[in-house]
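Here's the structure we're looking at; comments come further down.
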Amino acid sequence: MAEVTYRQAVARGIAQEMERDASVVMLGEDIGAAGGVFKTTEGLLDRFGPERVRDTPISEQAIIGAAMGAAMTGLRPVAELMFSDFFGVAWDMVANQVAKMRYMTDGQVALPLVIRTANGGGLRFGAQHSQSVENWAMAIPGLKVVAPSTPADVVGLMAAAIRDPDPVVFCEHKALLADKGEVPDGEHVDELGRARVARTGTDATVVALAAMVPRAVEAAERLAEDGIELEVIDLRSLVPLDVSTVLESVRRTTRLFTVEENPRLCGWGAEIASIVAEEGIYDLDGPIVRITTPHIPLAANPVLEDEQMPSVGRIADTVHRTLRATA
Amino acid sequence: MAETQAQPRHAELGLTDQDVLDMYRAMLLARAVDERMWLMQRAGKIAFIISGQGHEGAQVATTWPLRRNHDWLAPYYRSIASAITFGMTAEDIITAHLAKGDDVSSGGRQMPGHYGGAPYNIVSLSSPVGTQVLHAVGIAMGAWARGEDVVALTSYGEGTANQGEVHEAMNFAGVHRLPVIFVCENNGYAISVPLEKQVGGLSVAARAQGYGFPGVTVDGDDPLACYAAAKEAHERGRRGDGPTLIEARVVRLTSHSSDDDQRRYRDPAEVEALKQQDPLVGFGRQLRELGVLTDELDQQLRAEAKAEINEASRRAEARPEPDVSAAERHVYADGEA
């Protein structure tokens with residue numbers, strides 16, 4: 001096991017797949033000589049050459065559209081959108097073209113491509129550089145959606161995403177890029193649609209994603225000092241969604257909290273809450289509580305942004321207050 | 001036959017000595033603001049900075065013909081000098097970068113480099129690049145619909161010129177002969193990607209022909225050439241003769257932003273050589289040749305810019321942080337009627 005950063009894990013996962021499969025190619029802005037604006041593609045140009053690691057003009061529609069055309073004819077493109085906010089620029093290609101082509105052609109066309117993107121807040125980048133948009137992609141049938149929280153998951157899920165026969169939106173969280181973690185030696189391939197129990201506990205289940213996972217774990221450590229043991233589930237993937245791990249955990253803890261970075265309305269936590277209400281209602285001993293960013297855009301100012309996003313303190317307080325009130 | 005004394009170049013363009021000195025002063029102030037913000041970013045006071053160094057001559061000169069508080073500016077993230085020329089103060093800009101609660105652009109909401117402000121007729125740009133180009137077209141269309149004599153100038157880099165929106169904007173403006181000035185500040189790099197990997201045919205200006213309006217390439221290090229092109233474009237727009245595309249060839253003296261190091265993707269010798277094309281140096285030399293600027297006056301103007309930036313930084317830093325209650329304000333119009 002070697003310790004690598006989250007950002008190094010991105011390049012490592014892609015390199016692993018490019019090494020074994022010549023049909024894997026990359027395209028995006030500044031992914032070549034610059035090594036990616038977040039340094040997540042460092043070294044790949046030197047290793048695989050400009051034919052397979054292609055810098056593009058600033059043209060998000062062209063990046064996704066060209067990746068789609070290449071995928072139709074047998075390549076496995078890994079396309080980068082520099083910031084997930086820029087999905088807006090290319091949303092027709094993503095939501096109307098890439099997502100629906102297999103269905104509309106009755107299965108004649110497959111699009112085994114990955115759209116990688118830097119997602120999430122905390123860097124003081126304001127409303128159009130900080131969004132968590134995984135729930136945008138989740139709402140479109142035909143897309144798979146992955147958002148890892150650890151370097152090992154970045155490598156394993158990146159490999160799984162590249163090997164997957166369907167288009168996968170791969171959300172790399174900007175605030176986690178410097179985080180370190182151990183990654184298994186040798187080839188590492190994970191599975192899409194399987195959640196990970198990040199911390200075991202008996203008193204409540206907390207479901208989180210990406211940058212909210214370490215915050216939920218830290219909140220759990222805080223509450224452990226008060227004798228409250230939280231089970232933290234890292235969903236890792238929204239489509240496919242690992243419902244059974246969540247339901248099984250709730251069966252034991254009888255309580256459910258979700259922690260979401262995206263704005264509150266129609267966040268993925270609402271989907272989890274709805275599923276548990278439908279399928280696990282008799283296991284619950286208290287209300288399902290969603291901890292989210294309010295239904296507002298993120299601000300650049302640190303005072304405002306910290307107030308907006310779920311913090312360790314807010315997670316711990318909300319869980320503590322709810323458990324006490326409904327004990 | 002009596003010899004006619006040739007007029008100095010700026011006088012031929014209708015600019016007085018004071019005008020060109022004021023242009024130079026705006027360039028100096030923009031550079032001082034820019035350098036100060038780098039310092040503040042490195043000191044951890046600003047999250048991020050995206051620089052306009054090397055673009056000042058083109059920005060001041062293309063913005064100069066616009067009428068303040070009458071015409072409109074839809075700038076981009078390097079437009080420090082354009083914003084200053086169109087009325088924003090050094091203090092406004094630094095306050096916005098510090099995301100203070102009362103910053104004129106966004107009340108602490110926008111990330112650095114997003115120039116704008118209703119009092120100045122400057123449209124806040126968006127982070128996904130190229131959107132402002134369409135907004136300028138809409139502003140011009142609105143003015144045309146109301147019968148108003150208004151020109152909209154929008155600026156962007158050659159990297160942004162490749163976005164689909166820019167094609168749509170130029171075609172729309174061409175079809176409706178709208179009073180828009182498209183200013184493409186071509187510095188040869190989109191972050192790390194060089195011109196030959198961005199622009200098929202290597203000329204942005206040449207594209208205008210396809211949309212049915214003039215496209216001109218000017219030396220962005222020559223403010224008077226930029227002014228001449230912008231003045232003509234402004235007059236064309238006001239006459240109802242439609243848009244103009246100006247491609248100003250400029251240099252990017254710094255890395256793209258505080259988050260990258262251009263020595264990783266540009267030859268260090270090339271980066272060093274760019275300093276020879278610094279528009280501040282070139283324009284200073286030109287003004288000396290025109291007899292408008294002396295070394296003494298230059299020193300005085302630089303000292304004034306420094307004093308202004310020191311005072312602006314001091315005041316901006318002393319401004320209040322936003323109250324946390326502001327986080328939820330202005331998502332909708334509730335309670336503002």
Side-chain angles (χ1 to χ4, degrees), chain A residues 28-39 42 45 50 54-63 65 81-93 121-131 174 263 265 293-309, chain B residues 46-48 96-101 103 106-114 125-131 156-167 189-194 197-200 255-257 259-262 264-266 321-332:
Chain A
E29 298 156 16
D30 304 288
I31 62 172
V37 298
F38 294 103
K39 304 285 176 280
E42 209 152 57
L45 174 68
R54 194 176 286 266
D55 273 329
T56 67
I58 305 176
S59 305
E60 284 84 5
Q61 290 192 73
I63 292 169
L81 286 185
M82 191 185 290
F83 285 82
S84 63
D85 312 73
F86 304 165
F87 266 116
V89 183
W91 197 239
D92 183 64
M93 278 296 156
L123 273 71
R124 320 313 188 193
F125 281 176
Q128 297 166 323
H129 266 96
S130 307
Q131 294 174 87
K174 294 193 284 288
L265 297 191
T293 295
H295 193 58
I296 50 180
L298 290 179
N301 180 281
V303 174
L304 299 183
E305 193 182 35
D306 289 344
E307 173 73 10
Q308 294 171 321
M309 289 170 61
Chain B
I46 290 176
F48 173 79
H97 278 70
L98 290 166
K100 293 289 192 174
D103 108 69
S106 79
R109 289 164 161 79
Q110 282 271 46
M111 75 182 296
H114 287 51
L125 64 121
S126 279
S127 305
V129 298
T131 50
Y156 51 94
E158 85 290 348
T160 292
N162 309 309
Q163 286 282 35
E165 285 123 316
V166 177
H167 160 70
Y189 278 85
I191 306 187
S192 71
V193 182
K197 287 188 182 169
Q198 304 176 55
V199 176
S255 294
H256 165 72
S257 76
D259 280 356
D260 68 312
D261 178 358
Q262 65 178 345
R264 288 171 59 103
Y265 49 79
R266 292 179 88 165
E321 293 294 330
D323 187 86
V324 288
S325 66
E328 301 199 30
R329 203 181 301 148
H330 298 311
V331 181
Y332 300 104

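Below, chains carry the letters A, B, ... as their sequence lines are ordered, and counting in each starts from 1. For clarity, every value in this text was computed on a predicted model and none was experimentally measured.
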Using heavy-atom distances under 4.5 Å, tell me whether [X] contacts chain A through its side chain, its backbone, both, or neither.
X      : answer
B:D323 : backbone
B:H114 : side chain
B:E165 : side chain
B:V129 : side chain

Just give me the residue among [options] that pairs up with chain A most often, heavy atom to heavy atom, under 4.5 Å.
options                        : value
B:S127, B:A99, B:S325          : B:S127
B:I191, B:L98, B:T160          : B:I191
B:Q198, B:Q163, B:Q262, B:E328 : B:Q163
B:P128, B:A47, B:S257          : B:P128

Is it the backbone or the side chain of [X] that comes under 4.5 Å from a heavy atom of chain B, or both, or neither?
X      : value
A:T56  : backbone
A:E60  : both
A:V303 : both
A:F125 : both

- Could you walk me through whether A:I63 and A:E29 pass side-chain contact (heavy atoms from CB on, under 4.5 Å), step by step? CA-CA 9 Å; A:I63 292 169; A:E29 298 156 16; 3.6 Å; yes
- Just checking, is any N or O donor in the side chain of A:D92 or A:Q61 under 3.5 Å from an acceptor N or O on the other one? no
- Message: Checking A:D85 against A:Q131: is there a side-chain donor and acceptor pair closer than 3.5 Å?
- Response: yes
- Query: Parallel, tilted or perpendicular: which describes the rings of A:F87 and A:W91, with under 30° parallel and over 60° perpendicular?
  - Reply: perpendicular
- Message: Does the plane of the ring in A:F38 sit parallel, tilted or perpendicular to the ring in A:F83? Use 30° and 60° as the thresholds.
- Response: perpendicular
- Task: Identify, with sequence neighbours excluded, every residue that meets salt bridge (Lys or Arg N to Asp or Glu O under 4.0 Å) alongside A:E42.
- Result: B:R264
- By salt bridge (Lys or Arg N to Asp or Glu O under 4.0 Å), which residues pair with B:D260, not counting sequence neighbours? none
- Item | Minimum side-chain heavy-atom gap A:D306-A:R124 below 4.5 Å | yes
